[in-house]
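So that the names make sense, note that chain A is the first sequence line, chain B the second, and so on, each numbered from 1.
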Protein chains: 2
Amino acid sequence: MEERDGIGASNSNTGTLGKAVAVLELVAMAERPMRFTDVFDRAGQPRGTLHRQLSHLVEEGLLELNADHCYEPGLRLLKLASRTWMRSDLRRFAAPHLQALHELTGETVHLGVLKGAEIIYLDKVESRQAVRMDSQIGRASPAYCTGIGKAALAALPEGMLGPLLDGVELRRFTPQTIADRPALEAELAAIRSAGHAFDREEHEVGIRCVAAAIVDAGHSLVGGISVTGPAYRVGEDALADWAPQVRRAAQSVAGELAARLGPGGA
Amino acid sequence: MEERDGIGASNSNTGTLGKAVAVLELVAMAERPMRFTDVFDRAGQPRGTLHRQLSHLVEEGLLELNADHCYEPGLRLLKLASRTWMRSDLRRFAAPHLQALHELTGETVHLGVLKGAEIIYLDKVESRQAVRMDSQIGRASPAYCTGIGKAALAALPEGMLGPLLDGVELRRFTPQTIADRPALEAELAAIRSAGHAFDREEHEVGIRCVAAAIVDAGHSLVGGISVTGPAYRVGEDALADWAPQVRRAAQSVAGELAARLGPGGA
DNA sequence: GCCATTTGTTCCAATATGTGGAACATATTT
DNA sequence: AAATATGTTCCACATATTGGAACAAATGGC
């Protein structure tokens, strides 16, 4: 078996499906619409092959080919994802707790889960903004520099944490970002003993949060809840005040999840 | 080439990818979590094959296999879909108009697009509810019994409408549902001449709406905007009053889309 | 408006990949 | 403990994917 350029080099045990979704992701995650050649340049795959893959993705509705020959993510993804979202037990159990935290603090409350080394946001409660699906939902952010992310990482068993971090480049987003490994590990240890994590403008300047992890029995699902606010309004002392409540909310959700899985499932 | 039972019988020209996403859809669209055998019963595919397909889908993060051996839609779908949503030109152009319609009417405003014979909801502006991603976004509803759906169908050229409707079973959701073909065609003709469509509790009892179609130049994208309200609060006369504004909003969006595609693209 | 060049699509032999039946594990029930 | 249902692995065979190259269509320069 040979190594390949471009996508699909790492995970080549999902066969043709893996290659196809690698192409899908390449197009969907791009900042701007891509024409055939743009994809070709990055996919590292022969023209004929790539062309067929794209055609199939389009025919399946996972991509769309618009009038100016640009591939864009397709509507079918939305349809599929809406089911993911609606059926998420974690989201359903957490919703009332998120709402309660929002009413307590008046600030934005997030629910996220750890997926690899990223946090994927599952839900959000917010006051100010008009009522609309927030671009945050479904969004992926690095775990090591977000509140929920750090709380989740700290909740991982040692054996999983190390390898996970090995694969991550600790990029600096702000002056506060913890961008070296020893410092991050110290931070995670502190979080472990405190039971909650702070984000001190580490991902975005002007944004602070306090978060606590939600862990299920077998560490098969690790996520968290956070209360987020603008630095000018939310001091670190305020975050510290909310920490116990956030922790309690996270624990409640974890408890409900456990109760659900215990008697009901395995 | 032989016909097969179960999924994949109709569209068998997307190769292995098509079969894989058929399995994905089967699992994602199911009402409840499915165990291996549940999928097996409906997929009409040999055990070995199905097992590998599911494994690959899980490994790619499109499905997840939880502790009690149930397959569920995976988080990666959310991540991919959030890009679909964020990057949708239609959504971006329409957003301010939706907001304006909401402020005018005080009722819920929807944006949807026609995908096959279904309307997929792309956005929603609503007052009452807490600010959260609404389960409606990404959701698919039959076109023939929703406001946006009928408006969109009426905007299709004859040549596309007929075949599309041929493939649809006109199921009755409420006593008001237009469940036979001639009546539906008469309704579409009426919508065509009026320029807007009403949903008179045809999909859900107690829910009414008025909608207008957004059509782009080559009919490559057809969708619509609607104002929806509970029947007890929103009479048909109120809907009729709003119709011109809804029509105007839809036309504005269509205009902006055309302006965007014209100079910029082809 | 014509030629050169880029961009996109189709074709086909070689072969890697998926297929599907059946045997093998593993859980669950009687 | 035996029987049944459920989930997983194996391997000869068929087929879908591969990828190079030829072809067509669109763009751009002159």
Between P on C:dG20 and CZ on B:R52, what's the gap in Å once rounded to a whole number? 9 Å
Are a donor atom and an acceptor atom from the side chains of B:E59 and A:T14 found within less than 3.5 Å of each other? no
Roughly how many Å is it from CZ in B:R35 to C1' in D:dT8, rounded to a whole number? 16 Å
Does the side chain of A:Q45 get closer than 4.0 angstrom to OP1 or OP2 of D:dT17 through an N or O atom? no
Rounded distance (Å) that lies between atom P of D:dA25 and atom NE2 of A:H51: 13 Å
For a salt bridge (Lys or Arg N to Asp or Glu O under 4.0 Å) with A:D89, tell me which candidate from A:R87, A:R92, A:R91 qualifies. A:R92
Quick one: is the NZ or CZ of B:R35 closer than 6.0 Å to the six-membered ring centre of B:Y71, and within 45° of its axis? no
Without decimals, in angstroms, what is the distance between B:D38 CG and D:dT6 P? 9 Å
Check: B:T49 side chain, C:dG18 base, donor-acceptor under 3.5 Å: no
Whole angstrom value for the distance that separates C1' of C:dA25 from NE2 of B:H69: 13 Å
Compare the minimum distances between each of C:dG21, D:dT6, D:dG19 and the side chain of A:P46, then state the nucleotide with the smallest one. D:dG19
Is the phosphate of D:dG20 approached by A:R47 (side-chain N or O, under 4.0 Å from OP1 or OP2)? no
Could you check whether the rings of A:F173 and A:H203 sit parallel, tilted or perpendicular, using 30° and 60° as the cut-offs? perpendicular
Whether A:R32 and A:E72 form a salt bridge (side-chain N of Lys/Arg under 4.0 Å from carboxylate O of Asp/Glu) is what I want to check. no
Using atom CG of B:D68 as one end and atom P of C:dA27 as the other, report the distance to the nearest whole Å. 15 Å
Gap between atoms NE2 and P, on B:H56 and D:dT9 respectively (whole Å): 12 Å
Does A:T16 put a side-chain nitrogen or oxygen below 4.0 Å from OP1 or OP2 of D:dA16? no
Whole-Å gap separating C1' (D:dT6) and CG (B:L65): 13 Å
N or O in side chain of B:K19 less than 4.0 angstrom from D:dA16 OP1/OP2: no
Should B:S55 be listed as having a side-chain N or O under 4.0 Å from OP1 or OP2 of D:dT8? no
